[in-house]
Structure formats: C-alpha cells, structure tokens
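Just so you know, residue 1 is the first one in the sequence shown, and it goes up from there. For clarity, every value in this text was computed on a predicted model and none was experimentally measured.
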Amino acid sequence: MTGFLGQALLYIVPFLLVLTFIVTIHELGHFLVARAFGVKIDRFSIGFGKTIVSRVDRRGTEWRIAWLPLGGYVKFSGDLDPSSVPDEAGLAELRQRVIVENGPGAERDYFHFKPIWQRALIVAAGPAANFVLAMVLFTLLFTAVGEQVLAPRVARVDPGTPAAAAGFQPNDLIKAIDGRPVADTSDVTRTVMMSAGDSLRFTVDRNGRETVLVATPQRRLEDDQIAGRVRIARIGLLMDRRIEDFSFRRLNPVQAFGKGIETIGTTVGTTATYIGRIFAGKESGDLLNGPIGIAKAAGGVTQQAVAANPDPGWMAANLALTFLSFAALVSIGIGIVNLLPIPVLDGGHLLFYGYEAVARRPVPARVQEVGYRVGLALLAGLMLFATWNDLQKLSLFKFLGGLA
C-alpha cells in the first residue's frame, strides 16, 4: 500500500503543482491586463471548490485559495454566463442594473462595456502569459545550463527498416533534411516523427563526401519512459552519443533569451504541424496527452531527475532544472489549446469579438448558445480522446534514447 501511495504521490503531486502554477499564471495574465484597463473584478481564485483562505483587497477583489488544486479562475463583475459573451439584451439588462445600483458611469468599469480592443487584449493576455512564462523559464534554464548540441551521427542501422533500404551506414553524419540544415540529434528525431508516410531527403557526410539518401518514416509501436506506449514515426536509426560529437557553450541572459524564443517557436511549429497532420489524416493523435498523460509525464521526469544522481544537492538541482523545462513545455501547450477557435476557450471569445468588430454588435444569443454547446462538446470530445490515448499508453516503460 505504501508503495502504491508513494507512486501515486510521485505522479499526482508534481502534476498538480505544475498545472496549478501554469493556470494561475494564465489567469494572472487576464487579471493584470483587465486591472490595467480599470475592469471591476470580483474574484481571483487559485483552485476550485471550498475556500481555504481569502482576503478582499482595497478594490473589492476577493483573493482566495480553494481546496481543489486544479488551476484557478478570474471572475469579472457582471459575467452573465459561462461563455462571458452576453448578447444585446443581456448587455442592456446588465447596464441598467449597474446604473441603478451604482449610478451613471459605473458601467464603464465592467468588462462587457469596455472597447472591443481592450476586451480582446484581456482575453488574449491569458495565452500570452503562458508564452511569456515559457520564455522566462527557458531563459533561466539556458542561462543556468547553457546549450548542449549532439551532432546527428548514426551509430546503428536496424535491418529491414527504411533507413537500411535507403543505404544509411554507421558513422554517417546527417547534415540536412529536405534541404534544411540540422545541427542536433533532436532536429532529426523531431523531423522524422512529424513525417510518417512522407519521403525525406537526407544529406549525409560520409567520410568527407556528401551523399543524398531518401527514406520514408514508418510508424512503429514503442514503450517510452515518459510518453508511454505510442505509435511513432521512425526510419530505423540509433543515433550515436560519442563524446567528440557533443558541443557545449555558455549563454549569457541575452543569448539565453534568444534561445528560449527559438525553442518556443520550434515547439509551436511542431505542435501546429502535428495538429494539421491529424486533420489531414496523416497522424492518429497518439501523442496528444490528457490529464493522465500529463500526470504520468510529470512523474516520469521526476523519476528521471531523482535517479540521475543520488547526491541530495545534485538531485535538487536536477529536479529544479527538469521542472523548469517541463513547466515551460506544458505552459506552451496550454497557451496553444486556449487559442483554438472553440467557444468557451479564449480563442472562441476572440472569434466572437472579431464578429462584433465587423458587425458592430455582439453575436446573437442563439448563435452564442449553439456555439457554446458545440464548443463544450468539442472540448469534451477532445478530452475524452486524449484520456483514451493516456489509458492506451499505460504500459511497462523502458528507456529509449536517440532513436530516429
């Protein structure tokens, strides 16, 4: 029982800590921009459910910590429904009530009566805060540990694989894929993963001579220590990890900031490519994670960080750096998801505001209602699909490093 409880805590506690921290930053983005525009805010909550502790500031906002640590929320004064996008009748009713209760002009402090550009910025500030958080975390990470690059040199070619058919040989150094230069093993792995069924042209350096090889990645089932059991595109290469292929450089804060921006751009681009391939029918969506998958990943990175070095000082440092990287990646994911044009998400609100800007009136109540229901259904379907993926991935894990 103790072992089971320990394993549960190992997965659940890091997940809750990371999720609550990231969602709090997301909501803080909404809050800070709303307050900058003078919006009246009723509550800022960390967690859901029954209040553990709370206080009310001088502007009348209740700050509280609730007992269920699954993120948090901001409640603007006058929110009429969960979608926070009232129609004309709702706005008129709210305006009249505010004027009766607080006098003429008081309505200008309410979110729904702010200029549309301010409302759009307030809504966009949540996802923006996620990207800013990722940028800060990556900057700290790269400043602390610098940049390490492992040249993409082939150690082994598995027989009967696309790489073997293409003519890859041990010691080949991959220089470019489809004309795009690659400098690190991770560049090769990422490109192959996103190219199942697509022919790729590999430019390799073979004993000082340039050779072009063509291989088509194929999906295969793997057990990964972090991701679980997934179908992932490979061509059948094991990349080398010889010491002479490693290069390292220290980064000052400015360089680390630039590397952080580059990493965010790469992550967003890879995610967008993967989502696009799902809609095009080229990917099954195995790599989409729900809460269980994120919790398992949090536990997995924790185990790796703890096992890397038993010395307490090193262990603490490894945990800190690992969680910096993990939290940054999860924050990017939450930012991307919230920008999807689905009602009930920030992207859906922005879609409604776009209509309002063009039509000069809010989206009709009936359209909002249908959109909200469809949005909930889509979101629920996405969560169910991701959770099913998580359950399918649960298996015995083994470490697989440097595969392509």
Do R373 and V370 pass the side-chain contact (heavy atoms from CB on, under 4.5 Å) test, and can you show the C-alpha distance, the side-chain angles, and the key distance before you say yes or no? CA-CA 5 Å; R373 291 178 178 176; V370 172; 5.9 Å; no
Sub-3.5 Å donor-acceptor pair from the side chain of H30 to the main-chain atoms of I122, do we have one? yes
Please evaluate residues K75 and D42 with respect to the criterion salt bridge (charged side-chain N to carboxylate O under 4.0 Å, His left out), reporting the C-alpha separation (whole Å), side-chain torsions for both, the decisive distance (0.1 Å), and the verdict. CA-CA 6 Å; K75 183 180 183 300; D42 289 341; 3.2 Å; yes
Value rounded to 0.5 Å, distance of CZ in R64 from CZ in F44: 12.0 Å
How long is the straight-line distance from CG of L140 back to OG of S325, given to the nearest 0.5 Å? 12.0 Å
Just so I know, are the side chains of R234 and T189 near enough to count as touching, which here means a heavy-atom distance under 4.5 Å? yes
Within the distance-only criterion (no hydrogens, no angle test), does the side chain of K114 pair as donor or acceptor with the backbone N or O of F37 below 3.5 angstrom? yes
Could you check if a side-chain atom of L324 sits within less than 4.5 angstrom of a side-chain atom of F138, using non-hydrogen atoms only? no
Spacing of OG1 belonging to T203 relative to CG belonging to L173, to within rounding of 0.5 Å: 11.0 Å
Hey, which of T161, V157, D158 is the one that makes side-chain contact (heavy atoms from CB on, under 4.5 Å) with F168? V157
Can the ring centres of F48 and Y73 be said to be less than 6.0 Å apart? yes
Look at the side chain of S77 and the backbone N and O of Y110, then say whether any donor-acceptor pair between them is shorter than 3.5 Å. no
Rounded to the nearest 0.5 Å, what separation is found between the CZ atom of R242 and the CG atom of L150? 10.5 Å
Salt-bridge present (D57, R35; N to O < 4.0 Å): yes
Ring geometry between Y353 and F111 (parallel below 30°, tilted from 30 to 60°, perpendicular above 60°): tilted
Quick one: pull up OH in Y355 and CZ in R361 and give me the separation to the nearest 0.5 Å. 3.5 Å
Can a donor-acceptor pair be found, under 3.5 Å and without considering hydrogens, that links the side chain of N338 to the backbone of I334? yes
With heavy-atom distances below 4.5 Å as the criterion, would you say the side chains of L213 and R206 are in contact? yes
With side chains defined as the heavy atoms from C-beta onward, is the minimum distance between F202 and V182 less than 4.5 Å? no
Beyond-backbone contact of V39 with Q118, side-chain heavy atoms, under 4.5 angstrom: no
Assess the residue pair S54 and R43 against the criterion (side chain to side chain donor-acceptor pair (under 3.5 Å)); give the C-alpha distance rounded to whole Å, side-chain angles, the decisive distance to 0.1 Å, and a yes or no. CA-CA 10 Å; S54 69; R43 182 182 302 124; over 6 Å; no
Please confirm whether the backbone N or O of E147 pairs with a side-chain atom of K259, one donor and one acceptor, at under 3.5 Å? no
Shortest non-hydrogen contact from T216 toward I235: C-CG2, 4.2 Å
Using atom types as modelled and distance alone, determine if a side-chain donor or acceptor of T211 lies under 3.5 Å from a backbone N or O of V204. no
I want to check something: taking the side chain as every heavy atom from C-beta on, are F142 and T263 in contact at a cut-off of under 4.5 Å? yes
Compare all side-chain heavy atoms of L28 with those of F31 and state whether any distance is below 4.5 angstrom. yes
For the pair R277 (side chain) and A196 (backbone), establish whether a donor and an acceptor sit closer than 3.5 Å, ignoring hydrogens and angles. yes
Write down the atom of A183, the atom of P152, and the distance for their closest heavy-atom approach. O-CD, 3.6 Å
So with a 6.0 Å cut-off around CZ of R201, is the heavy-atom count from everything else above 12? no
Where the side chain of R153 meets the backbone of N171, is there a donor-acceptor pair that is under 3.5 Å apart? yes
Using a strict 4.0 Å threshold on nitrogen-to-oxygen distance, state whether E62 and R55 make a salt bridge. no
Verify whether one side chain among R180 and T191 offers a donor that lies under 3.5 Å from an acceptor in the other. no
Can you list the steps and then say if N252 with T143 is a side-chain contact (heavy atoms from CB on, under 4.5 Å)? CA-CA 6 Å; N252 61 42; T143 300; over 6 Å; no
One thing to verify: whether D205 and K175 come together as a salt bridge, which I'm taking to mean a side-chain N less than 4.0 angstrom from a carboxylate O. no
Heavy-atom closest pair (A164 atom, P159 atom, distance to 0.1 Å) is CB-CA, 4.3 Å
Give, for atom CD of E27 and atom OG of S45, the distance between the pair rounded to the nearest 0.5 Å. 9.5 Å
Shortest non-hydrogen contact between A125 and G29, atoms and distance: CB-O, 3.3 Å
Do side-chain atoms of T270 reach the backbone of T266 as a donor and acceptor pair under 3.5 angstrom? yes
Closest non-hydrogen atom pair, I177 against V188: CD1-CA, 4.0 Å
Might you confirm whether atom CZ of F257 has over 12 heavy atoms from other residues, nucleotides or ligands at distances under 6.0 Å? no
Does a side-chain heavy-atom distance below 4.5 Å link D198 with P217? no
